[in-house]
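Reading through the structure tokens given below for one structure.
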Amino acid sequence: MEMVHLTIDIGGKPGVNCRGFCTYCYFKHAKDVPPFGCRYCLPFKKGCDYCSRGVKELYSGFYPLKTVAENFLADLQSVTEDITKITVSGGGDPSCYPEFRELFDILGSLDVPLHIGYTSGKGFDSEETADFLIEKNLKEISFTVFASDAELRRKYMNDPTPEASLEIIRRLAGKIDVYAAIVILPDVNDGAVLEKTLDWLENIGVKGTILMRFANRTNQGLILDNAPILENQRVHTAEEFRKIVESSASAHPNLRISGTPLYDPMFNSPFAIRNDDELLSKLPKVTKKATVITGSVAAPYVLEILEKCGAQKGTVVSVDKEIACLITIDDLKKLDASVLAETVIIPGRSFVFLPEAEEVLSRNVIRGPEMLTADGETSMGMTETGVLSMEVDGFSSLIHLINQNGS
């Protein structure tokens with residue numbers, strides 16, 4: 001039987017339709033920067049809906065329930081199989097949706113498992129919301145926790161009713177699959193506070209927790225002219241953060257813990273394939289020469305894997321930007337073109353307009369595969385086989401591109 005998964009978009013705008021920004025929110029200082037260019041742009045026009053509007057989540061506000069219901073009905077009518085899951089998500093926070101109860105009354109009558117893609121819970125002011133959601137067939141929710149300490153939640157998330165939010169998480173975790181998200185602010189909710197939060201999450205039966213490194217600088221991914229989010233806030237390096245994820249996971253064996261940008265201890269990913277000689281031997285051999293551009297976090301891993309497939313030393317060139325899919329033309333402008341091969345492969349999801357990249361680098365530039373690996377946010381819901389096969393597919397495609405286009 002085919003799995004049919006419908007998503008309901010309620011619209012909404014970060015910072016506006018969520019009771020105000022959390023202090024650490026990526027969108028807090030976001031400016032309306034010109035379009036970057038991306039994989040969806042037409043070859044003759046820089047800027048499409050995705051890289052000019054979607055990436056900034058420039059929605060005008062929540063959609064009225066009537067609009068949401070009409071869109072959902074249209075989706076329903078186009079589906080012939082049974083629906084196995086319905087996810088509610090939006091640019092704003094579902095817990096702050098003004099017609100939240102009415103929406104769930106409608107969805108609850110369909111007898112289909114419901115899933116809330118992400119919520120801060122700042123819009124939930126009453127503990128019995130948990131019972132209401134369970135009654136309406138909610139089966140899974142991703143919930144930003146920040147800390148089990150209500151006062152820290154109040155201060156850093158601007159949650160007016162943090163005790164109610166934490167009690168809702170507790171009640172839900174006893175009955176359904178709850179996944180917690182924690183943005184780690186150094187010297188605020190790491191160390192002993194994080195330990196206490198993870199103990200609490202493990203005790204109440206939360207299924208998994210994603211630890212998210214706080215980013216505060218342009219090279220860490222703040223590409224909307226929005227750095228710094230917090231003045232004078234210390235940040236973890238990717239490697240420091242990896243150690244926090246590793247030690248947290250080993251101290252909490254009953255809690256599935258992974259981290260983004262690094263790493264997932266369960267699968268040793270991203271780039272788990274580097275430790276699997278049998279799978280590495282199944283990848284095609286690199287027979288031509290091209291330059292693969294990637295972010296500074298991925299670069300050593302990508303080089304290690306490609307070298308094991310026969311690539312030469314200088315095949316991978318890292319930019320200053322840590323996350324490959326957030327590379328922009330500014331990162332490419334800083335590269336020394338003399339070290340690049342005739343053909344350059346950029347990350348598939350990078351925010352770069354190809355004709356502009358060719359002009360800047362004076363090279364033949366092609367877009368690489370969408371994904372080479374799964375970060376901790378993605379791998380959290382995957383099996384080891386799924387992670388490894390994604391990497392085999394990604395690297396096979398990348399090597400084919402090198403061999404087809406390289407010199």
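Values reported hereafter were calculated over all heavy atoms of this structure, with side chains retained and with hydrogens, waters and symmetry mates removed.
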Give every donor-acceptor pair under 3.5 Å between a side-chain atom in residues 327-335 and any protein atom, sequence neighbours left out.
| unit_1 | atom_1 | unit_2 | atom_2 | d |
| --- | --- | --- | --- | --- |
| Thr328 | OG1 | Asp330 | N | 3.4 |
| Asp331 | OD2 | Lys321 | NZ | 2.8 |
| Asp331 | OD2 | Thr328 | N | 2.9 |

| query | What ring-ring contact (aromatic ring centres under 6.0 Å, His included) pairs are there with at least one residue in residues 156-202, not counting sequence neighbours? | reply | Phe146-Tyr156
| field | For Asp125, all residues meeting salt bridge (Lys or Arg N to Asp or Glu O under 4.0 Å), sequence neighbours excluded | value | Arg19
| request: Identify the heavy atoms of Gly12 and Asn17 that sit nearest to each other, and give their distance. | output: CA-OD1, 3.3 Å
| side-chain hydrogen bond (donor to acceptor under 3.5 Å, both in side chains) partners of Thr144, counting only residues at least two apart | none
| Residue Glu239 excluded, over 12 heavy atoms near CD under 6.0 Å | yes
| request: Report the residues that fulfil side chain to side chain contact (heavy atoms under 4.5 Å, CB included) with Arg217, sequence neighbours left out, ordered by chain and then residue number. | output: Asn219, Gln220, Val235
| message | For Lys155, is the NZ atom crowded, meaning more than 12 foreign heavy atoms sit under 6.0 Å from it? | response | no
| With sequence neighbours left out, what residues match Phe100 under ring-ring contact (aromatic ring centres under 6.0 Å, His included)? | Phe104, Phe124
Per-pair distances, 0.1 Å, donor-acceptor, side chain in residues 399-407, under 3.5 Å, sequence neighbours excluded:
| unit_1 | atom_1 | unit_2 | atom_2 | d |
| --- | --- | --- | --- | --- |
| Asn403 | OD1 | Thr287 | N | 2.8 |
| Asn403 | OD1 | Thr287 | OG1 | 3.1 |
| Asn403 | OD1 | Lys288 | N | 3.3 |
| Asn403 | ND2 | Lys285 | O | 2.9 |
| Asn405 | ND2 | Leu401 | O | 2.9 |

| message | Strictly by ring-ring contact (aromatic ring centres under 6.0 Å, His included), give each pair with a member in residues 309-349 just once, sequence neighbours left out. | response | none
| message | I'd like to know whether Ser296 forms a side-chain hydrogen bond (donor to acceptor under 3.5 Å, both in side chains) with Glu322, so could you lay out the CA-CA distance, the side-chain angles of the two residues, the decisive distance to 0.1 Å, and finally the verdict. | response | CA-CA 5 Å; Ser296 62; Glu322 291 181 344; 4.9 Å; no
| request: Could you tell me which residues satisfy salt bridge (Lys or Arg N to Asp or Glu O under 4.0 Å) with Glu246, sequence neighbours excluded, listed by chain and number? | output: Arg242
| query | Which pairs pass ring-ring contact (aromatic ring centres under 6.0 Å, His included) with one or both residues in residues 256-288, sequence neighbours excluded? | reply | Phe271-Tyr301
List the atom pairs, with distances to 0.1 Å, where a side-chain N or O of residues 116-123 and a protein N or O form a donor-acceptor pair under 3.5 Å, not counting sequence neighbours.
| unit_1 | atom_1 | unit_2 | atom_2 | d |
| --- | --- | --- | --- | --- |
| Thr119 | OG1 | Asp93 | OD1 | 2.6 |
| Thr119 | OG1 | Ser95 | OG | 3.3 |
| Thr119 | OG1 | Gly121 | N | 2.9 |
| Ser120 | OG | Asp93 | OD2 | 2.4 |
| Ser120 | OG | Lys122 | N | 3.0 |
| Lys122 | NZ | Cys18 | O | 3.4 |
| Lys122 | NZ | Gly20 | O | 2.7 |
| Lys122 | NZ | Met157 | O | 2.9 |

| Do any pairs count as a ring-ring contact (aromatic ring centres under 6.0 Å, His included) and have a residue in residues 209-257, sequence neighbours left out, and if so which ones? | none
| message | When you compare the side chains of Asp393 and Ser396, does any donor N or O come within less than 3.5 Å of an acceptor on the partner? | response | no
